[in-house]
Amino acid sequence: MAEKCDVLILGAGAAGMMCAIRAGQRGRSVIILDHAKAPGEKIRISGGGRCNFTNIHAGPKNYLSANPHFAKSALARYTPRDFIALVEKHRIAWHEKTLGQLFCDDSAKDIIRMLLGEMQAVNVKLRLETAISDVAHDGGRFRVTTSGGLIEAESLVVATGAKSIPKMGATGFAYQIAEQFGLSLIETRPGLVPLTLDPAALERLSPLAGVAVPAEVSHGKTAFNEALLFTHRGLSGPSILQISSYWREGDVIRLKLEPARDILALLKEAKQKNGRQSAQTALAEILPKRLAQHVVEKSGLTGNLADMSDKALATLANEVQDWQIKPAGSEGYRTAEVTLGGVDTTGLDSRSMAAKSVAGLYFIGECVDVTGWLGGYNFQWAWASGQAAGEFA
């Protein structure tokens, strides 16, 4: 005999739990399944264990999608303020870091406990360590075969995430279900991921591994002004993770190091004050020492500032603020924070997240072709898309 419920949710992550809460509040009987030992594993590790649970600036402009308008409806109906209200209802202390990013004061586990508490309050049944072997649809109902038996439901919500961080059990299972029911997919690739360099570039930059510096990193007309980190494999740091979602193989990115400072003006000032110092000494006042050394060696300009023309100083400044680099690739899904692409939004209703061609089937969260910037935007999409589906499922 099959166990019956109104709503069956696959995936007990941020989006799935949010959907379960809202559906339960509407009086629907809800079962939520996950193959992991604990719910909300991505929540637990996020934000260095403090969960960057939303961003106060979250809006459609902060998301990538083949249809940039799709996310507008869900994001407008469940805003960062709505989630903050839920956090405060549970007396979870939080703080704002840079650029509107909100974090728990204590632990990401506070957010997981909050979601579990909300699910419990509306009698959601949570089943962990449960594998799914088959999903079928007949007679207007979904029949899902699991390691714990057969479950029959009126609505099926797919919230199984995507391919990023496979060591946590991430898979492309949502895409298999989408294809099974005739929904199309947008090509997937790793997003918010460190970029790698070819061996020659790595050898040149190897002395800089571990050096961090403020940078404006751009690709075409898109630019992010955050920290950059040189690594043993290439480039990382928030500015690189951000631009990685826009970059494609073969493209060049531009790095403007110390973008808030007028390097040429600072070098001219240093020349006036003490012309006998070397360019490297002057630059080391502005940049990390190893980076200053690298820039001077790359420029081929040696000697004292007093012996350098304004044109030479301009060349040196340019070496700091106009790097053009062609990454070889990315570190891939292993370290990617999100997956770009996914279930094509043209097959989904933007208000309910329901599949247009299959009554009662919903896709939410990361498996959908909506990907946020770094800094709490992807959690806000999880909350908003989960809430949207929970209103209708």
Side-chain angles (χ1 to χ4, degrees), residues 98 192-220 222-244 246-247 249-331 335 374:
T98 54
L192 301 180
V193 65
L195 297 175
T196 57
L197 299 173
D198 63 55
L202 262 187
E203 195 176 337
R204 282 196 307 276
L205 296 176
S206 63
L208 299 179
V211 171
V213 64
E216 181 185 278
V217 179
S218 58
H219 174 271
T222 305
F224 292 95
N225 194 338
E226 293 184 64
L228 178 147
L229 175 69
F230 293 92
T231 74
H232 290 293
R233 285 189 287 270
L235 302 170
S236 189
S239 60
I240 293 293
L241 299 187
Q242 295 280 35
I243 214 69
S244 72
Y246 294 83
W247 174 82
E249 278 78 0
D251 292 355
V252 167
I253 59 171
R254 296 177 88 108
L255 316 181
K256 184 178 181 180
L257 309 184
E258 289 288 354
R261 308 181 84 169
D262 186 336
I263 304 292
L264 179 56
L266 289 167
L267 287 172
K268 284 180 177 177
E269 191 184 319
K271 179 181 172 179
Q272 267 186 331
K273 282 183 180 170
N274 179 9
R276 286 179 302 175
Q277 67 179 320
S278 69
Q280 187 174 318
T281 302
L283 270 178
E285 294 290 319
I286 307 164
L287 304 170
K289 276 184 183 169
R290 279 187 282 159
L291 186 55
Q293 184 184 345
H294 175 84
V295 167
V296 171
E297 286 172 359
K298 187 164 167 258
S299 72
L301 295 167
T302 54
N304 297 340
L305 291 178
D307 302 327
M308 292 186 183
S309 65
D310 283 357
K311 189 179 175 186
L313 294 180
T315 299
L316 207 50
N318 216 38
E319 290 286 1
V320 177
Q321 297 196 314
D322 190 15
W323 292 37
Q324 291 193 44
I325 289 184
K326 187 188 278 189
S330 81
E331 289 192 6
T335 58
L374 182 73

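Scored by the side-chain hydrogen bond (donor to acceptor under 3.5 Å, both in side chains) test, Gln242 finds Glu226 as partners (sequence neighbours excluded). By the ring pair (Phe, Tyr, Trp, His ring centres under 6.0 Å) test, His219 pairs with no residue at all, sequence neighbours left out.
In terms of heavy-atom proximity, Leu305 sits nearest to Asn274 at CD1-O, 4.4 Å. Between Pro194 and Thr335, the shortest heavy-atom distance links the atoms CD-OG1, 3.6 Å. Smallest separation of non-hydrogen atoms from Ser236 and Thr231: CB-CG2, 3.7 Å. The shortest heavy-atom contact between Leu255 and Leu235 is CD1-CD1, 4.4 Å.
Put simply, the side chain of Leu301 does not reach to within 4.5 Å of the side chain of Leu313, judged on heavy atoms. Counting only heavy atoms from C-beta outward, the side chains of Leu266 and Glu285 never approach each other to under 4.5 Å. Ile253 has its side chain within reach of Leu195: a pair of non-hydrogen atoms, C-beta onward, lies under 4.5 Å apart.
Every pair passing side-chain hydrogen bond (donor to acceptor under 3.5 Å, both in side chains) that includes a residue from residues 275-284 is listed here, sequence neighbours excluded: Ser278-Thr281.
Panel note: side chain Arg290, backbone Ala209; a donor-acceptor pair is recorded below 3.5 Å.
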message: What verdict does the side chain to side chain contact (heavy atoms under 4.5 Å, CB included) test give for Leu267 and Leu283, after you've listed the backbone C-alpha separation in whole Å, the side-chain angles of each residue and the deciding distance to 0.1 Å?
response: CA-CA 7 Å; Leu267 287 172; Leu283 270 178; 4.2 Å; yes
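The distance from atom CG of Asp198 to atom CD of Glu203, rounded to the nearest 0.5 Å, is 10.5 Å.
Within a 6.0 Å radius of CD in Gln272, no more than 12 heavy atoms belonging to other residues, nucleotides or ligands are found. Under a cut-off of 6.0 angstrom, the local environment of NZ in Lys298 is crowded, with over 12 non-hydrogen atoms contributed by other residues, nucleotides or ligands.
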